[in-house]
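Okay, so here's the structure we're looking at.
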There are 2 protein chains.
Amino acid sequence: MEVDAATAPKGRPREFCVDAALAAALRVFWSKGYEGASMADLTEAMGITKPSLYAAFGNKEALFNKALDLYEREKADFMRAALEAPTARGVAERLMYGALDLYSCPDNPDGCLEVINSVACGAEAECVRKAVVARGAAIQQAMRERFARARDAGDFSADTNPDGLAQFLIAVNQGMAVQAGAGATRAELERLVETSLKLWPGR
Amino acid sequence: MEVDAATAPKGRPREFCVDAALAAALRVFWSKGYEGASMADLTEAMGITKPSLYAAFGNKEALFNKALDLYEREKADFMRAALEAPTARGVAERLMYGALDLYSCPDNPDGCLEVINSVACGAEAECVRKAVVARGAAIQQAMRERFARARDAGDFSADTNPDGLAQFLIAVNQGMAVQAGAGATRAELERLVETSLKLWPGR
DNA sequence: CGACTTCCATAACGGCTGGTATATAAGTGA
DNA sequence: TCACTTATATACCAGCCGTTATGGAAGTCG
């Protein structure tokens, strides 16, 4: 027996798709934030009842973390990919245009899930805020290292601080997310991207 | 009679200072956001009971709006003042260093009240979010007009879009606020300011 | 001294929060 | 068919939310 463990789901099978439910939850967190998203909002969007949600995902915080994983894996992957561009300018271009697409895509909520949930919040949400901030710090660290290599490669003049450049690029990205969440049009965000890249130093 | 209306406060006098209570409320909203700040948080910080709060300020939303007024009047006034600098670069310098001081002052909560409350939120807070976003739009409009004049004055080359420059400056400012709220040190924010100003075009 | 007005303190309101106990339905394997 | 396991549906929990009614305290005015 036990030839295939995956084909032996004892008990009643669940009636919903976990991945689809998680994607729906991501949309809710993305548009309302962790605190602003109530369990009622989530269950309605996911099309399941509360006990099903708790059985499948644990609790609200665990659900958020799984949604955050999904976001980084499927939505914000352009950030990691941007670091592989051949020059510092290429990194900036890929990051800004990737962010532009993500933040202004009509199929998505406006703005950035991580920016939304890294700003101030109530006491109960502090732990998830910390988690989000930690992920942002990891991205920033990777970008610093990338720009340190870029400086050694001569992508920009040696008197420009690569750490400052990384921080600058992330700041513009965050500002774009804030403006997208505040209702900026895609054309406006495009103008921001183009202005920023025009000011970008070196190659 | 009625020689001086201000010296005839009939009834029992209130036992707290309205201005001090409002300042305390501002601090709470500033560190936790509108939704994250509970009435219990507010009354405790303000040193008054809930009925006193309602009698003096109306309700939570009205209290927030008064705190927002106070914030713009006493904390974020550097934004308006920055527009009076003689050149576009001067505007950028005053704005960035003013923001640096505000966002990293040890006496204040970290970050920017308006950025915090302009990102996604639950349904109940939508109206106050709209109000905050509208104020931001007013600032951006004023900055656009300022940079249109700066372009006419030759502060930067004519092929640079003044609207884009205004949007860029605000985006960096918003990004700095996000990073300040996420725990960035003053030195890190200083590096961001210096990097941004080094990239600023023209005079 | 009262009459009047305003403020403070307690306590409670209905409603919503995240989370769960209970009972039933739907599948497995023997 | 019958035990076993797991998912669903309903209903409910204690606790907090923003808000307010009530009773008494602290003032001014006549």
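By convention in this document, chain letters (A, B, ...) are assigned in the order of the sequence lines, proteins followed by strands, and residues within each chain are numbered from 1.
- The shortest distance between the side-chain N/O atoms of B/Arg12 and the OP1/OP2 oxygens of C/dT5 is not below 4.0 Å.
- One finds a side-chain N or O of B/Ser52 lying less than 4.0 angstrom from the OP1 or OP2 phosphate oxygen of C/dC8.
- The side chain of B/Tyr54 contributes no N or O atom lying less than 4.0 Å from OP1 or OP2 of D/dT20.
- Note on B/Ala37: only backbone sugar-phosphate atoms sit closer than 4.0 angstrom, heavy atoms only; bases stay farther off.
- Using a 4.0 Å heavy-atom distance criterion, A/Glu124 is classed as making no nucleic acid contact.
- B/Gln179 is linked by a side-chain hydrogen bond (donor to acceptor under 3.5 Å, both in side chains) to A/Gln167, A/Gln174, counting only residues two or more places apart in sequence or in another chain.
- At D/dG18, one or more side-chain N or O atoms of B/Lys60 fall inside 4.0 Å of OP1 or OP2 (strictly under the cut-off).
- In this structure, A/Leu100 CG and A/Asn173 CG are separated by 10.5 Å, a value rounded to the nearest 0.5 Å.
- A/Glu190 and A/Arg186 are joined by a salt bridge, as a carboxylate oxygen and a charged side-chain nitrogen come within less than 4.0 angstrom of each other.
- Residue A/Pro51 is in base contact, counting any heavy-atom pair closer than 4.0 Å across all strands shown.
- Not one side-chain nitrogen or oxygen of B/Thr49 sits closer than 4.0 Å to the OP1 or OP2 atom of C/dC8.
- OP1 or OP2 of D/dG18 has not a single side-chain nitrogen or oxygen of B/Asn59 nearer than 4.0 Å.
- Summary of the strand contacts: B/Glu15 and B/Asp41 both lie near DNA chain D, and taking for each the nucleotide with the nearest heavy atom, the more 5' one is attributed to B/Asp41.
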Open item on the list: Output the pairing pattern of DNA chain C as a dot-bracket string, 5' first, Watson-Crick or G-U wobble with both distances under 3.5 Å, | for cross-strand pairs, [ ] for crossing pairs.
Closed with: ||||||||||||||||||||||||||||||

